[in-house]
Each structure stands twice: as C-alpha cells, then as structure tokens.
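What follows is a single structure, written as structure tokens, with notes after it.
Each ligand, and each atom within it, is numbered from 1 in the order the structure gives. Basis for what follows: all heavy atoms, side chains included, without hydrogens, waters or symmetry-related copies.
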Amino acid sequence: MTDVLVRPAIPSDALGIAAIYDAAVLHSVATFEDTPPGPERWLDKLAHSGMGDHVVVAVDPSAPDGDGDVEHVVGFAYSSAFRPRAAYRFTREWSVYVTEGARGRGVGGSLYAAVEALCRADGIRVIIGVVAQPNPASNALHERLGFRAAGELDGVGFKFDRWLGIRFYQRDLA
Ligand SMILES: CC(C)(COP(=O)(O)OP(=O)(O)OC[C@H]1O[C@@H](n2cnc3c(N)ncnc32)[C@H](O)[C@@H]1OP(=O)(O)O)[C@@H](O)C(=O)NCCC(=O)NCCS
C-alpha cells in the first residue's frame, strides 16, 4: 500500500470508520459489542471529546470513496476513558482496527503513534490495551509498541456462543 496517511479523524470519516468497526462487531470478538453502532457513535465521539479522547484514521488518498471527496479509511484508532471515575483521568484505553487488506504494513503501529502523541500532549500518563484472547496480531502489536502484559481475566465475555478472556496491556508514558 502506498502513502497511507495518518491524521486526526474528521466528521466525513465517520462512515468509513463505521464500516470497519461495524464489521468487527458483527464478525469478530475483537470488540465485545454485539450491535453495530453505525457512524453516529463516531460523530458523537468527535463532537464530545475531552482531554485524552482522540480518534485518528489511516487513509489511502489514492483510493477515494464513491463520491471522490471522502478519503478511503483503511484503519482507525481511538482513546477513551479506561474507567469513568475521576482518579482514572490520566489513564486512557486505546483500540485499533485495520482493514484486512492493509494489515501487516505498519498501519496499526502508525495509528498508535498518533494516538500516543495526542495523549502525551494532554498529559495522559498511562495507555491501556484490552485484548480479547486469543489475538496473536494484537498481542504482537502491543508487545512491539512497548506495552507490557499486565494480567488476564478468564471467561469475562460471552459472544458467538463462547466464553472469552481478556489480556490487559499497559504502556507508561510518564
Ligand atoms: C491488530 C491489528 C490492528 C494490527 O494492525 P497491523 O496494521 O497489521 O499492525 P502492524 O503492521 O503495525 O504490525 C505491528 C507489529 O505486530 C506484528 N503483527 C501484526 N500482525 C501480526 C500477526 N497476525 N501475527 C504476528 N505478528 C503480527 C507485526 O509483525 C509488527 O511487528 P514488527 O514491526 O516486529 O514486524 C490488526 O491485525 C487488526 O485490525 N486486527 C483486527 C482488529 C483487532 O483485533 N484489533 C485489536 C483490538 S484490541
């Protein structure tokens, strides 16, 4: 893939982000949601983001979407509250999704770098990844990015008729 550009998301990216995320909801256990939230989720997130809340996209400028004006989103990542209570405010959870055809080319790593830079600028001190197991690609991505494995919970999710565990990854920015 040539010249994938990573930048903060804008509202016109919401459809492209939703296409990736909704497919992950319907066909994978990478997310524990079971109802596709559609573009509204991302429009809302972009409109109401606070300190440490960011959405970034990877776009392929050489492959515009149908109307030619909207760049084709091949991946996205976002940071959001790890837990809602006040003392967690310097910690963010991040998530990342890359379309199948764009994987294995550094896009996930570039998306993380963008999220991390924005979080650092906001004074965020810790980034957490929560990875449903098994997920060798996401485990490898986190380890490559300098996260350390920080424990697992077994059987805390139930999707597609099976029980799922999660592994926490932690990266300290401070
Ligand atoms: C996980 C995911 C985001 C990785 O994106 P990506 O763009 O392929 O990742 P990168 O190309 O930046 O790879 C980063 C590192 O992980 C490694 N990696 C990526 N996929 C891998 C795989 N399937 N098996 C082993 N290692 C893998 C790469 O080799 C690379 O390490 P390297 O630089 O030492 O070679 C992508 O596979 C994906 O979207 N998966 C489905 C959604 C998902 O599981 N998201 C994570 C939710 S927590």
Side-chain angles (χ1 to χ4, degrees), residues 1-9 13-38 41-42 45 52-63 71-83 91-119 124 126-160 162-173:
M1 174 164 306
T2 52
D3 297 332
V4 169
L5 173 76
V6 171
R7 57 161 173 75
D13 297 319
L15 273 177
I17 295 172
I20 296 171
Y21 186 74
D22 289 358
V25 170
L26 288 172
H27 304 298
S28 83
V29 297
T31 164
F32 280 7
E33 286 196 270
D34 57 8
T35 306
R41 157 79 55 83
W42 308 104
K45 203 176 265 302
D53 299 331
H54 299 284
V55 185
V56 300
V57 288
V59 295
D60 179 359
S62 67
E71 288 176 301
H72 181 62
V73 178
V74 298
F76 74 99
Y78 66 97
S79 55
S80 55
F82 171 59
R83 303 191 75 191
T91 297
R92 280 294 176 278
E93 180 176 338
W94 89 295
S95 298
V96 58
Y97 296 85
V98 176
T99 52
E100 241 171 85
R103 289 180 195 163
R105 299 171 189 183
V107 175
S110 300
L111 285 163
Y112 173 74
V115 167
E116 185 190 293
L118 291 164
C119 284
I124 296 300
V126 177
I127 299 188
I128 305 285
V130 181
V131 183
Q133 297 299 311
N135 190 337
S138 188
N139 294 344
L141 174 71
H142 281 86
E143 282 154 26
R144 182 80 174 94
L145 292 172
F147 282 76
R148 67 176 191 276
E152 300 204 3
L153 300 175
D154 297 325
V156 289
F158 187 75
K159 188 172 179 182
F160 302 145
R162 58 190 171 106
W163 293 102
L164 299 160
I166 56 171
R167 180 180 300 170
F168 290 106
Y169 280 97
Q170 171 167 358
R171 173 131 164 69
D172 300 322
L173 305 186

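- Atom 48 (S) of ligand 1 has its closest protein heavy atom at S138 OG, 3.5 Å.
- For the side-chain contact (heavy atoms from CB on, under 4.5 Å) with V57, the lone residue among V74, I20, I17, L111 that qualifies is I17.
- Looking at R167 and Y169, their side chains do bring a donor and an acceptor atom within 3.5 Å of each other.
- In this structure, the side chains of L118 and S79 stay at 4.5 Å or more apart for every pair of heavy atoms.
- At least one heavy atom of G104 sits closer than 4.0 Å to an atom of ligand 1.
- For A102, no nitrogen or oxygen atom sits less than 3.5 Å from a nitrogen or oxygen atom of ligand 1, counting backbone and side chain alike.
- Taking atom 24 (N) of ligand 1 as the reference point, the nearest protein heavy-atom neighbour is A137 CA, 4.2 Å.
- Within ligand 1, counting atoms from 1 as listed, the ones closer than 4.0 Å to a heavy atom of V107 are 7 (O), 12 (O).
- Ranking the protein heavy atoms by distance from atom 42 (C) of ligand 1 puts Y97 CD2, 3.6 Å first.
- For atom 47 (C) of ligand 1, the closest non-hydrogen atom of the protein is V96 O, 3.9 Å.
- Shortest contact from atom 18 (N) of ligand 1 to any protein heavy atom: A140 CB, 3.9 Å.
- Note that atom 3 (C) of ligand 1 has protein non-hydrogen atoms nearby, at separations under 4.0 angstrom.
- When the heavy-atom distances from atom 14 (C) of ligand 1 to L141, I20, V98 are ranked, the shortest goes to L141.
- Looking at G108, A113, P136, it is G108 that brings a heavy atom closest to atom 7 (O) of ligand 1.
- The closest approach between a heavy atom of L145 and any atom of ligand 1 is not below 4.0 Å.
- When the options W42, W94, Y21, Y112 are evaluated for a ring pair (Phe, Tyr, Trp, His ring centres under 6.0 Å) with Y78, the one that passes is W42.
- In summary, the atoms of ligand 1 found under 4.0 Å from a heavy atom of G106, numbered by their order in the structure, are 10 (P), 11 (O), 12 (O).
- Remark: R7 CZ is packed, more than 12 non-hydrogen atoms of other residues, nucleotides or ligands lying under 6.0 Å away.
- Counting heavy atoms of neighbouring residues, nucleotides and ligands inside a 6.0 Å radius, atom CG of D34 does not exceed 12 of them.
- In this structure a side-chain-to-backbone donor-acceptor pair under 3.5 Å is present from D22 to G38.
- In terms of protein heavy-atom proximity, atom 41 (C) of ligand 1 is nearest to R103 NH2, 3.5 Å.
- From the protein, the heavy atom lying nearest to atom 44 (O) of ligand 1 is N135 ND2, 2.8 Å.
- Closest protein heavy atom to atom 35 (O) of ligand 1: R144 NE, 4.5 Å.
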